[in-house]
Protein chains: 2
Amino acid sequence: MKILGIDPGSIITGFGVIDVDKLKFNYITSGSIKTKGDFVNRIAIIFLEIQKIIIKHNPDVVVIERIFMRPDRPNPESSIKLGHARGAIISAAAINNFKIIEYSPNQIKKTLVGKGHASKDQVVFMVCKTLKLNKNPQTDAADALAGAICHAYHCI
Amino acid sequence: MKILGIDPGSIITGFGVIDVDKLKFNYITSGSIKTKGDFVNRIAIIFLEIQKIIIKHNPDVVVIERIFMRPDRPNPESSIKLGHARGAIISAAAINNFKIIEYSPNQIKKTLVGKGHASKDQVVFMVCKTLKLNKNPQTDAADALAGAICHAYHCI
């Protein structure tokens, strides 16, 4: 099963592709989409780049991180921006008829590290360990790979 | 100049197409996209339907209402949903290389009615008067047509 994980963001969107055969994990690629220009342009770039990645890697499923908002610290501005980025990603999957699965950041951390409030470093460590990477991926790419690994564990 | 106006919403997205030659306004069509299913599916429907409308009518420009949020009453949940819908619309325009112009609700009201705090009824009245419609369009379609008319006035 080929899984494309995406960590959405209007400025940087991370992505990571893995292939999983039962408990055998294979890292395929990962990286980040850095957007520029005005806000509308940034969202258009996310859509177009994710579409390219989907067409190139033809994943079985697209995994995207669910928006997490602390009820005690809502940030409507950044939520709106993140919503746009996610809308573009869902659209890129929709046009190619791909299935989207969502996991919350806590579900991803819990699946990889064993606790929902694991640190970023712990998540990156488990991503590297699971995929046998010698070098830490960029933060956003690591989050995207973590989402993909999370889904793999949920399917096994 | 053919203008597609869009009033984004994750449950109902209004649209309206007009053609403007100097000060001569021609109504072409309007309606609303009613979404269903889970949230991801709703966003996918908006993208796919807006894409169909863009391809069918081939507008010179796509006008979309900017998100308005009262600072004293932020609603992060609905802002996130609206952000997704707008992300899907921007994506539909991006894939077809169409230009997107944004206006705030107040700019639209001020342009059509003369005051930024005009009522819904006043906006609908001006939409019908400008486009010589015998019947009020649906609310979301009227808002979309209002955005298109607003842009036409800004271009003349």
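Throughout, protein chains are lettered first and strands after them, A, B, ... in sequence-line order, and every chain is numbered starting at 1. The analysis underlying the following values was restricted to heavy atoms, covering all of them including side chains, and did not include hydrogens, waters or symmetry mates.
Leu82(A) and Ile33(A) sit in two unconnected hydrophobic clusters of ILVMFWY residues. Membership requires side-chain heavy atoms under 4.5 Å apart, directly or through other members. In the hydrophobic clustering of ILVMFWY residues, with side-chain heavy atoms under 4.5 Å counting as a link, Leu145(A) and Val61(A) come out together. Side-chain heavy atoms closer than 4.5 Å link hydrophobic residues (I, L, V, M, F, W, Y) into clusters, and following such links, even through other members, never connects Ile108(A) to Val124(A). The hydrophobic cluster containing Ile50(B) also contains Ile50(A), counting ILVMFWY residues as joined when their side-chain heavy atoms lie under 4.5 angstrom apart, directly or transitively. There is a path of hydrophobic side-chain contacts, each under 4.5 Å, that joins Phe98(A) to Ile46(A).
Around atom CG of Asp38(B), more than 12 heavy atoms belonging to other residues, nucleotides or ligands sit under 6.0 Å away. No more than 12 heavy-atom neighbours from other residues, nucleotides or ligands sit within 6.0 angstrom of CZ on Phe125(A). Environment of NZ in Lys81(A): sparse, with no more than 12 heavy atoms of neighbouring residues, nucleotides or ligands closer than 6.0 Å.
Exactly one residue among Val62(B), Ile100(B), Ile101(B) makes a side chain to side chain contact (heavy atoms under 4.5 Å, CB included) with Val40(A). That residue is Ile100(B).
Looking at residues two or more places apart in sequence or on another chain, you find a side-chain contact (heavy atoms from CB on, under 4.5 Å) between Gln51(A) and Phe47(A), Ile55(A), Ala92(A), Ile95(A), Asn96(A), Ile95(B). Under the rule for a ring-ring contact (aromatic ring centres under 6.0 Å, His included), the partners of His154(B) that lie at least two apart in sequence or sit in another chain are Tyr103(B).
Heavy-atom proximity under 4.5 angstrom to chain A picks out His84(B), Arg86(B), Gly87(B), Ala88(B), Ile90(B), Ser91(B) from residues 84-91 of chain B. Of all residues spanning residues 1-29 of chain B, none has a heavy atom less than 4.5 Å away from chain A's heavy atoms.
Between the CD atom in Glu77(B) and the CD1 atom in Ile67(A) there is a gap of 8.5 Å [rounded to 0.5 Å].
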